[in-house]
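The next block holds one structure in the form of structure tokens; read it before the comments.
Sequential numbering from 1 along the given sequence is applied to the chain's residues. Each ligand, and each atom within it, is numbered from 1 in the order the structure gives.
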Amino acid sequence: MQVYRLPALSDNYIYLLHDPSSNTAAVVDPAEAKPVLDCLRKLQAKLIAIFNTHHHQDHIGGNGELLQAFPGVLVYGGAEDRGRIPEQQVFLQEGDRVSFADREAEILFVPGHTRGHIAYYFSPIAPQEMGELFCGDTLFAGGCGRLFEGTPAQMLESLSKLRDLPANTRVWCGHEYTLKNLQFALTVDGQNPELQARFAEVKAARSRSEPTIPSSIGLEKQTNPFLRWDELGLSNAVESNAPLQTFTRLRKMKDQF
Ligand code: ZN
Ligand code: FE
């Protein structure tokens with residue numbers, strides 16, 4: 001399974017999964033149809049599935065047009081998003097499995113950004129291979145999604161699930177927000193040498209207009225304050241004495257950053 005990262009709208013990423021052996025493709029969160037159709041044309045591949053993480057327009061905007069171009073496409077989304085993703089046909093819950101090519105994705109229910117948000121985790125086919133996580137607007141490189149429909153406690157639980165995945169899991173998130181996220185991270189975790197090094201790398205990459213995605217669970221655990229609610233340095237920085245309080249304060253500070 002080959003993953004193609006397609007920039008869309010102002011700062012979204014669409015991910016096209018291609019199976020060269022059957023020449024079929026699936027797409028994660030098609031913000032718009034055109035970049036997907038262009039990529040499919042180049043690959044001469046047939047689209048068979050749309051994997052939506054949540055109902056926001058910048059993640060489902062291309063569904064309708066893609067369905068018109070490929071009428072056999074199956075549209076997947078979270079069970080809690082029933083009625084909010086107009087073309088949805090498959091309603092997924094925690095622990096469900098969906099297959100694509102020779103791979104299988106496990107569904108993780110990760111509410112917080114929205115109440116129906118899900119993530120797709122493809123575990124590695126061999127131990128030395130990387131797993132692939134498509135997490136929409138739940139976990140970002142260096143940050144996490146805003147809490148539009150969920151509580152801090154829900155988001156903390158959702159992010160805990162993602163943090164528990166193997167360190168060598170590639171993280172494919174919904175937006176290119178990394179530089180701004182790390183600027184915030186430095187204000188609360190500035191003594192962290194891994195964070196400092198990552199910030200320098202990301203700054204250089206962005207100045208060359210290069211993408212900073214995919215990240216990895218290992219790197220996020222070292223540098224993303226929203227996965228570090230139980231680190232002493234961070235709880236001290238926000239004057240908190242409990243993980244949930246640390247997370248809640250970090251999220252509030254980021255909202256105002
Ligand atoms: Zn969203
Ligand atoms: Fe989004």
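- Inclusion of H175 in the first shell of the Fe ion (ligand 2) is supported: an N, O or S atom falls under 2.8 Å.
- The Fe ion (ligand 2) lies closest to atom OD2 when only the N/O/S atoms of D58 are considered.
- Distances from the Fe ion (ligand 2) to the N/O/S atoms of D137 are shortest for OD2.
- The aromatic rings of H117 and H54 sit parallel to each other, their planes meeting at less than 30°, with 60° as the upper class boundary.
- A side-chain donor-acceptor contact under 3.5 Å links R251 to the backbone of G145.
- Aromatic ring pairs are classed by plane angle as parallel below 30°, tilted from 30° to 60° and perpendicular above 60°; the pair F134 and W172 is parallel.
- Judged by the 6.0 Å distance and 45° axis criteria, R163 is positioned over the aromatic ring of W229.
- Residue D58: no N/O/S atom is found under 2.8 Å from the Zn ion (ligand 1).
- Taking 2.8 Å as the criterion, H56 does not count as a coordinating residue of the Fe ion (ligand 2), since none of its N, O or S atoms falls below it.
- When only modelled atom types and interatomic distance are considered, Y76 and Q88 share no side-chain donor-acceptor pair under 3.5 Å.
- Residue H59 does not count as close to the Zn ion (ligand 1), with no N, O or S atom under 2.8 Å.
- Within a 6.0 Å sphere centred on CZ of R5, other residues, nucleotides and ligands contribute more than 12 heavy atoms.
- Nearest to the Zn ion (ligand 1), among the N, O or S atoms that H113 has, is NE2.
- D137 contributes OD2 as its N, O or S atom closest to the Zn ion (ligand 1).
- Closest to the Zn ion (ligand 1) among the N, O or S atoms of H56 is ND1.
- Between D164 and K161, no side-chain nitrogen of the basic residue sits less than 4.0 Å from a carboxylate oxygen of the acidic one, so the salt-bridge criterion is not met.
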